[in-house]
Amino acid sequence: MTAYMEHKDLTNEVIERGRTNEIADGVHRVLDRIAEAEAVAGRRSGSVRLLAATKTRDVGEILAAIDAGVRCIGENRPQEVTVKAPGLAKRLAERGYALGVVRDAASGDDALAGAGRHVPFHLIGQLQANKIGKVLPAVDTIESVDSIELAEKIARRATMRGITVGVLLEVNESGEESKSGCAPSHAIDLAQRIGAMGGLRLQGLMTIGAHVDDERTIRAGFAHLRRTRDQILASGAEGTADCTELSMGMTHDMAYAIEEGSTIVRVGTAIFGERAFI
Ligand SMILES: *Cc1c(COP(=O)(O)O)cnc(C)c1O
């Protein structure tokens with residue numbers, strides 16, 4: 001049990017009106033910033049998706065973000081996924097949305113991002129192998145795959161369940177020791193091996209921007225991730241044709257990331273405010 005989970009009831013569904021408005025304002029501001037960055041970069045409007053990073057936020061806060069226009073959420077810890085998923089799924093169903101894994105009864109396959117009535121649920125934080133079973137019933141995509149060993153274990157679980165799990169390969173572009181992610185020099189080889197695994201659908205690459213103030217350094221990491229993605233696509237290797245996503249950009253570097261080609265920005269603080277825990 002992570003310490004802050006004892007301080008805050010993450011299943012809470014009812015929040016104050018003032019807090020609801022604060023979160024709605026946050027969502028609208030972020031959507032505006034995304035639109036502006038798309039325009040500056042000369043990119044098509046709507047080409048960048050907003051994923052709300054919801055760690056430490058309760059169900060009520062997350063629903064407020066969804067009601068304000070968020071259409072994709074991401075959690076860091078398997079434990080938070082487990083605690084929040086039932087309440088979120090129930091309240092989203094009342095609004096006509098399905099959360100996370102959507103099974104297509106006809107094909108038996110999972111229908112990802114179908115028809116817009118779906119709120120994708122991603123895992124964006126480190127995953128220990130013994131927690132895979134915990135997250136797979138809820139999340140449709142795991143963005144934090146950074147080794148063949150982990151990919152193989154997820155693939156095995158997915159195959160056992162008869163599902164396909166979306167994965168992004170996490171790359172440590174900044175080289176900072178505190179960060180997870182594979183070495184940039186291994187990314188193409190790993191992506192090709194993951195692409196060939198049954199039970200997984202390789203959807204792209206993910207990185208966390210360098211923890212520095214220097215714009216050039218931050219941008220260089222994002223640009224390198226984009227070139228890596230392009231090389232993977234150009235390789236034509238089995239299972240790499242869907243490796244199109246670039247999940248990069250957070251509260252403080254989303255504009256740079258969008259200019260460097262991001263397709264998913266993961267934003268927490270700019271939507272919900274500073275985190276009280278972690
Ligand atoms: C917390 C987190 C984010 C969002 O960070 P903010 O700075 O709050 O926008 C994005 N990605 C990951 C992996 C995170 O853990």
Side-chain angles (χ1 to χ4, degrees), residues 25-54 65 68-74 76 113 120 122 124-125 141 143-146 166-176 178-185 187-188 191 202-235 240-274:
D25 287 348
V27 170
H28 298 147
R29 266 198 315 270
V30 171
L31 290 173
D32 285 348
R33 281 170 64 186
I34 292 172
E36 200 181 302
E38 284 171 340
V40 167
R43 298 184 54 190
R44 187 176 52 78
S45 161
S47 54
V48 181
R49 269 197 295 164
L50 169 61
L51 174 150
T54 52
V70 162
R71 288 294 173 272
C72 180
I73 62 173
N76 283 70
H122 292 196
I124 62 175
T141 304
E143 296 201 9
S144 42
V145 176
D146 62 0
V167 296
L168 274 64
L169 174 66
E170 181 176 355
V171 184
N172 185 356
E173 288 290 352
S174 70
E176 289 163 17
S178 59
K179 291 198 167 81
S180 44
C182 72
S185 58
I188 295 175
L202 178 68
Q203 296 177 330
L205 306 178
M206 183 271 233
T207 197
I208 297 174
H211 190 66
V212 296
D213 289 327
D214 179 48
E215 175 177 341
R216 269 187 313 177
T217 306
I218 298 170
R219 280 181 181 263
F222 293 153
H224 188 266
L225 195 73
R226 184 189 65 229
R227 288 196 299 275
T228 304
R229 190 248 351 237
D230 292 346
Q231 283 176 274
I232 292 165
L233 282 174
S235 75
T240 60
D242 294 332
C243 184
T244 54
E245 303 278 7
L246 289 174
S247 177
M248 57 190 198
M250 305 173 20
T251 291
H252 294 294
D253 55 18
M254 55 190 270
Y256 301 151
I258 290 170
E259 287 181 41
E260 298 299 343
S262 171
T263 64
I264 301 174
V265 288
R266 309 177 309 270
V267 181
T269 308
I271 293 176
F272 298 104
E274 294 293 333

With L168, the side chain to side chain contact (heavy atoms under 4.5 Å, CB included) member among T141, L202, D146: T141
Check whether any side-chain heavy atom of E170 lies under 4.5 Å from a side-chain heavy atom of I208, and answer yes or no. yes
Exceeds 12 heavy-atom contacts within 6.0 angstrom, atom CG of D213: no
Where N172 and K179 come nearest, the two heavy atoms and their spacing: ND2-O, 3.4 Å
Whether the side chain of S262 engages the backbone of S247 through a donor-acceptor N/O pair (distance < 3.5 Å, no angle test) should be reported. no
S144 to G125 - nearest heavy-atom pair and separation: OG-O, 2.6 Å
Just by distance, do the side chain of T263 and the backbone of L246 share a donor-acceptor pair under 3.5 Å? yes
Are side-chain heavy atoms of M206 and R266 found at a separation under 4.5 Å? yes
Measuring from M248:CE to I258:CD1, what's the distance to the nearest 0.5 Å? 9.5 Å
Side-chain contact test, heavy atoms from C-beta onward, threshold under 4.5 Å: evaluate it for S235 versus T240 and give yes or no. yes
Is a donor on one side and an acceptor on the other found under 3.5 Å between the side chain of E173 and the backbone of T207? no
Minimum-distance pair of heavy atoms, taken over all atoms of G204 and C243: CA-SG, 3.6 Å
Closest contact, heavy atoms only, A52 versus F272: CB-CE1, 4.3 Å
Taking all non-hydrogen atoms of both residues into account, name the closest pair between I232 and A187 and its distance. CD1-O, 4.4 Å
pair I264-E143: side-chain heavy atoms closer than 4.5 Å: yes
Review item, side-chain donor-acceptor pairs of residues 26-36, under 3.5 Å, at least two apart:
residue: H28; atom: ND1; partner: A24; partner atom: O; Å: 3.1
residue: H28; atom: NE2; partner: A68; partner atom: O; Å: 3.3
residue: R33; atom: NH2; partner: T251; partner atom: O; Å: 2.9

Measure across A37 and A255 and return the closest heavy-atom pair with its distance rounded to 0.1 Å. CB-CA, 4.2 Å
Salt bridge (Lys or Arg N to Asp or Glu O under 4.0 Å) pairs touching residues 241-261, sequence neighbours excluded, are R49-E245, R219-E259, R219-E260, R226-E260
If you measure from NE2 on H211 to OG1 on T217, what distance do you get to the nearest 0.5 Å? 13.0 Å
Derivation and outcome, side-chain hydrogen bond (donor to acceptor under 3.5 Å, both in side chains), residues T228 and D230: CA-CA 5 Å; T228 304; D230 292 346; over 6 Å; no
Is it true that a side-chain atom of R71 and a backbone atom of L50 form a donor plus acceptor pair closer than 3.5 Å? no
Close side-chain approach of N76 and I124, heavy atoms under 4.5 Å: yes
Run the side-chain contact (heavy atoms from CB on, under 4.5 Å) test against S47 and tell me which residues pass, sequence neighbours left out. E38, R43, R44
